[in-house]
Amino acid sequence: TMKVLKAAPAVQGTAELGYPAGSIVGIGLLLLACTALYVIPRTSILGALLLTGYLGGAIASQVRVGNPLFSHVFFPVYFAAVIWGALYLRDPRIRTILFLNPARAHA
């Protein structure tokens with residue numbers, strides 16, 4: 001919502017990454033749409049996939065401007081791990097897809 005509302009820190013951070021000010025709202029709306037899909041249980045896997053792609057773009061942006069590795073470049077990786085970890089805990093479909101379902105191991 002900070003990008004959609006054009007909050008000063010969001011505008012400044014986006015400009016520092018080399019994106020034009022006119023793209024801030026679109027980027028924010030894209031993130032909100034991906035997050036909404038992630039929150040809805042029926043579309044949570046699609047939302048996680050789209051958020052992972054979004055975070056991949058964030059990694060590319062951080063690498064392009066030469067930001068520090070562990071604090072800036074890897075932050076989206078850490079966040080993606082949280083997204084998928086939470087989805088693993090809340091959605092049995094993910095445990096089945098990843099073959100990490102404890103119930104299947106004993107069957």
- Would you please test Gln62 and Leu17 for side-chain contact (heavy atoms from CB on, under 4.5 Å) and show each step? CA-CA 7 Å; Gln62 298 294 338; Leu17 291 173; 3.8 Å; yes
- Task: Specify the closest pair of heavy atoms between Cys34 and Leu50, including all atoms of both residues, with the distance to one decimal.
- Result: SG-CB, 3.6 Å
- Item | Leu51 versus Tyr38, closest heavy-atom pair with distance | CD1-CB, 3.7 Å
- Report the distance from atom CZ of Phe74 to atom CG of Asn67, rounding to the nearest 0.5 Å. 13.0 Å
- Any donor-acceptor pair under 3.5 Å linking the side chain of Tyr19 with the backbone of Ile27? no
- Message: Here's a test for you: under side-chain contact (heavy atoms from CB on, under 4.5 Å), which of Val25, Leu31, Thr14 qualifies with Lys3?
- Response: Thr14
- Is the number of heavy atoms from other residues, nucleotides or ligands within 6.0 Å of CZ (Arg90) greater than 12? yes
- Task: Answer yes or no: does atom CZ of Phe79 have more than 12 heavy-atom neighbours from other residues, nucleotides or ligands under 6.0 Å?
- Result: no
- Query: Minimum heavy-atom separation for Leu87 to Ala48, with atom names?
  - Reply: CD2-CB, 3.6 Å
- Query: Once you round to the nearest 0.5 Å, how far does CZ of Arg42 lie from CG of Asp91?
  - Reply: 12.5 Å
- Query: Mind checking whether Leu49 and Tyr54 sit in one hydrophobic cluster, side chains of I, L, V, M, F, W, Y counted as touching below 4.5 Å?
  - Reply: yes
- How far apart are the closest heavy atoms of Tyr88 and Ile94, and which atoms are they? CA-CG2, 3.9 Å
- Minimum heavy-atom distance between Pro68 and Ser71, given as atom pair plus value: CB-OG, 3.4 Å
- Query: Do Val77 and Phe70 have side-chain heavy atoms sitting under 4.5 Å apart?
  - Reply: no
- Message: Is there a path of hydrophobic side-chain contacts, each under 4.5 Å between heavy atoms of I/L/V/M/F/W/Y residues, joining Trp84 to Ile97?
- Response: yes
- Approximate separation, where rounding is to 0.5 Å, of Leu30 CG and Thr35 OG1: 9.0 Å
- Rounded to the nearest 0.5 Å, what's the gap from CD1 on Ile83 to CG on Leu55? Could you check? 5.0 Å
- Ile59/Val63 under side-chain contact (heavy atoms from CB on, under 4.5 Å): CA gap, chis, key distance, verdict: CA-CA 6 Å; Ile59 292 168; Val63 168; 4.3 Å; yes
- Taking the side chain as every heavy atom from C-beta outward, state whether Pro9 and Gln12 have any pair of such atoms under 4.5 Å apart. no
- Message: With a 4.5 Å cut-off on side-chain heavy-atom distances among I, L, V, M, F, W and Y, is there a chain of contacts connecting Tyr78 to Val73?
- Response: yes
- Nearest atoms (heavy-atom pairs only) where Arg64 meets Gly18: NH2-CA, 3.8 Å
